[in-house]
Peer 1: 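Mind looking over this structure? Questions follow.
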Number of protein chains: 2
Amino acid sequence: MRISDEMVKHIRAIIKKTGYIPNRAAASLRTGKTHVIGLIVEDIANSFFASMAKSVEKVAAKVGYRVVYGSTENNDSRGNDLIQLLVKQVDGFLITPSIGMKTGVQALRKSRKPLVLIDRYFPGEEIPFALVDNYGGVSKATECLIGKHRKNIAFVNVAMDQIQMKERERAFVEVMRDRGLFQKKWLLRLPYYQDKAQYEPRIRNFLQKHPEIDAIIFATNYLGMFGIKALKDLDISIPEQVAVFSFDDTDLFRFSSPSISVISQPVQEIAAQAMRLLLDQMGGQTKKTPEEGALIAPELILRSSV
Amino acid sequence: MRISDEMVKHIRAIIKKTGYIPNRAAASLRTGKTHVIGLIVEDIANSFFASMAKSVEKVAAKVGYRVVYGSTENNDSRGNDLIQLLVKQVDGFLITPSIGMKTGVQALRKSRKPLVLIDRYFPGEEIPFALVDNYGGVSKATECLIGKHRKNIAFVNVAMDQIQMKERERAFVEVMRDRGLFQKKWLLRLPYYQDKAQYEPRIRNFLQKHPEIDAIIFATNYLGMFGIKALKDLDISIPEQVAVFSFDDTDLFRFSSPSISVISQPVQEIAAQAMRLLLDQMGGQTKKTPEEGALIAPELILRSSV
DNA sequence: CTGAAAGCGCTTACAG
DNA sequence: CTGAAAGCGCTTACAG
């Protein structure tokens, strides 16, 4: 505060007149800070990750950061390449890692690069994460269906070892077991397809094989999308014959008729918590407490499908 | 080619062993190139722009570029801020400009910053652009409806001075005039709302006021989304009472029942052309021919709604 | 307190 | 042809 207001005003005027913009590459070289955050998601075209990108952009802009993004498409080597590509160009990472990115992510962590996992995490790895309470969400949805006197409830999942998928499934299985309703045949695990349209016939088959099913929970938005298509193709009425829940909220679920009940992820909240955990690390000063994970409560949105 | 293969191999081995990654900030300072592209869109959470981001990411990665993004939300000053923020940090811009970004974009162009407009452009400004043939798309859709003996066709647009919106409307008006079918009262222009849900009651009102309407073309994906909701709320059957077209393809239109016919933008093609025009400028060598715009043909996808 | 100088890690023009 | 040196534009430790 040793500089007079007048001088400040004068300098600002010159900055404006000459159109001076600091060269961040130079500043970056000198300080080692880029003021850029790397956002690595599964697929930026998926509405969940697209909203995430929007929220991250907003929170980051507020604290003077820009965001570069990359999609892994659940391809491990692509994901690791993205990390390598960006590691020197960003101050920190927000990553939705595929399973095979574990070593890459661990290396990043060991090198003390600020890093927060989103949407999933590696159990036992002490890497900060921000994600929805997958277990809580599905268990609530399952209980809701049971409360509506559905007994033959199916769960359609994608067969990936990722923790978020396992947690969703575990919640379903445990609640069903508790009530003595669990049947293994009502648990459908499908491979991860790049081409999501392949889910539709698979789900249709499953439904035909198990006409006793009176409710389904879809573990992801794309399973829900194609699952509903399959139900409609088979002229199975929602919710009369089969009640439906899907994870993730999308326009499709909101506007579908009947509208689909969902376990909604509070994307803004997740983004805000992730950025908070990241900024904690990037501040890099006197953090005594080790950073932990943030588990954000999902919102059960009841619509016409239950 | 004066270096022996052996030496190349030796060096590469050391690079790998030591984990050397060039510092791009340093290279950038020296060369003035950042190998980053700035993607400024209206709203990265909108499915059209999200797919665009995905395609841009892909094409850019192939030629060694990273992508930073920003959403204007049709706010002029936010858009101009984004340009200022990114101008020194990117080698080139892909921008969907709002009207008020015209001066900012012109300044960018004058400063010879590589720049391609997408989704819209400024007529008479000689700034390269890549976008769908809006006029052609809507005129085809209009003719398709007339071919199916619809006569009282409405057009729902968002009241913006942006060229892509005007072109879509102009196509509709001219085709209808040609056939002697045009009625001004069937042209609905709604303000640009941040909160898209506001479109639904407005469209519902319009439909109630004009029960004679037997077909509608919605000029954007969100107008289509809320327009269909309005139709369903009023128990107007699609396509029996009212046939429907919407601009832009989305999951919602594909999965809606009935499925909705659309004027689909070939996003990958637009991204590829935009990048081509951008790389032409960034190459910066012997381009004699001034860069021009790329007008990409839309695809009319006929589904159950017509 | 203040101003000049060093140096971040590259690339490339240039001297030898 | 090759290797050393200059310099991109900042920030900050340091001499005065």
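Just so it is clear: chains get the letters A, B, ... in the order the sequence lines come, proteins before strands, and each one is counted from 1.
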Peer 1: Could you give all pairs that pass the side chain to side chain donor-acceptor pair (under 3.5 Å) test and reach residues 61-72 of chain A, with sequence neighbours left out?
Peer 2: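 As it turns out, the side chain to side chain donor-acceptor pair (under 3.5 Å) pairs with a partner in residues 61-72 of chain A, which skip direct neighbours, are A:Ser71-B:Glu57.
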
Peer 1: What residues form a side-chain hydrogen bond (donor to acceptor under 3.5 Å, both in side chains) with A:Gln162, not counting sequence neighbours?
Peer 2: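 Listed in chain order: A:Asn74, A:Arg120, A:Gln164.
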
Peer 1: Do A:Gln106 and A:Arg109 have side-chain N/O donor and acceptor atoms under 3.5 Å apart?
Peer 2: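 Per modelled atom types, A:Gln106 and A:Arg109 side chains form no pair under 3.5 Å.
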
Peer 1: What heavy-atom pair brings B:Phe122 and B:Met101 nearest, and what distance separates the two atoms?
Peer 2: CZ-C, 4.3 Å

Peer 1: Where along nucleotides 5-11 of chain C does protein come under 4.0 Å, by heavy atom, of base (B) or sugar-phosphate alone (S), with - for untouched nucleotides?
Peer 2: -BBBBBB

Peer 1: Between D:dC10 and C:dA13, how far apart are the P atoms? Round to whole Å, please.
Peer 2: 22 Å

Peer 1: Please tabulate, for side-chain N and O atoms in residues 13-29 of chain A, each donor-acceptor pair with protein atoms closer than 3.5 Å (sequence neighbours left out).
Peer 2:
{"from": "A:Thr18", "atom 1": "OG1", "to": "A:Ile14", "atom 2": "O", "distance (Å)": "2.8"}
{"from": "A:Asn23", "atom 1": "OD1", "to": "A:Ala25", "atom 2": "N", "distance (Å)": "2.7"}
{"from": "A:Asn23", "atom 1": "OD1", "to": "A:Ala26", "atom 2": "N", "distance (Å)": "3.1"}
{"from": "A:Ser28", "atom 1": "OG", "to": "A:Lys33", "atom 2": "O", "distance (Å)": "3.3"}

Peer 1: Mind checking whether B:Tyr121 and B:Phe129 have parallel, tilted or perpendicular rings, split at 30° and 60°?
Peer 2: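 Geometry flag for B:Phe129 against B:Tyr121: parallel rings.
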
Peer 1: For DNA chain D, which ranges pair as stems of 3 or more consecutive Watson-Crick or G-U pairs, with both donor-acceptor distances under 3.5 Å?
Peer 2: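 DNA chain D forms these stems: C:1-3 with D:14-16, C:5-12 with D:5-12, C:14-16 with D:1-3.
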
Peer 1: Which atom pairs, one a donor and one an acceptor, fall under 3.5 Å between side chains of residues 92-100 of chain B and the rest of the protein, sequence neighbours left out?
Peer 2:
{"from": "B:Thr96", "atom 1": "OG1", "to": "B:Ile40", "atom 2": "O", "distance (Å)": "3.3"}
{"from": "B:Thr96", "atom 1": "OG1", "to": "B:Glu42", "atom 2": "N", "distance (Å)": "3.1"}
{"from": "B:Ser98", "atom 1": "OG", "to": "B:Asp76", "atom 2": "OD1", "distance (Å)": "2.6"}

Peer 1: Would you indicate whether the side-chain heavy atoms of A:Glu299 and A:Glu269 approach each other to under 4.5 Å?
Peer 2: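 With C-beta onward as the side chain, the pair stays apart.
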
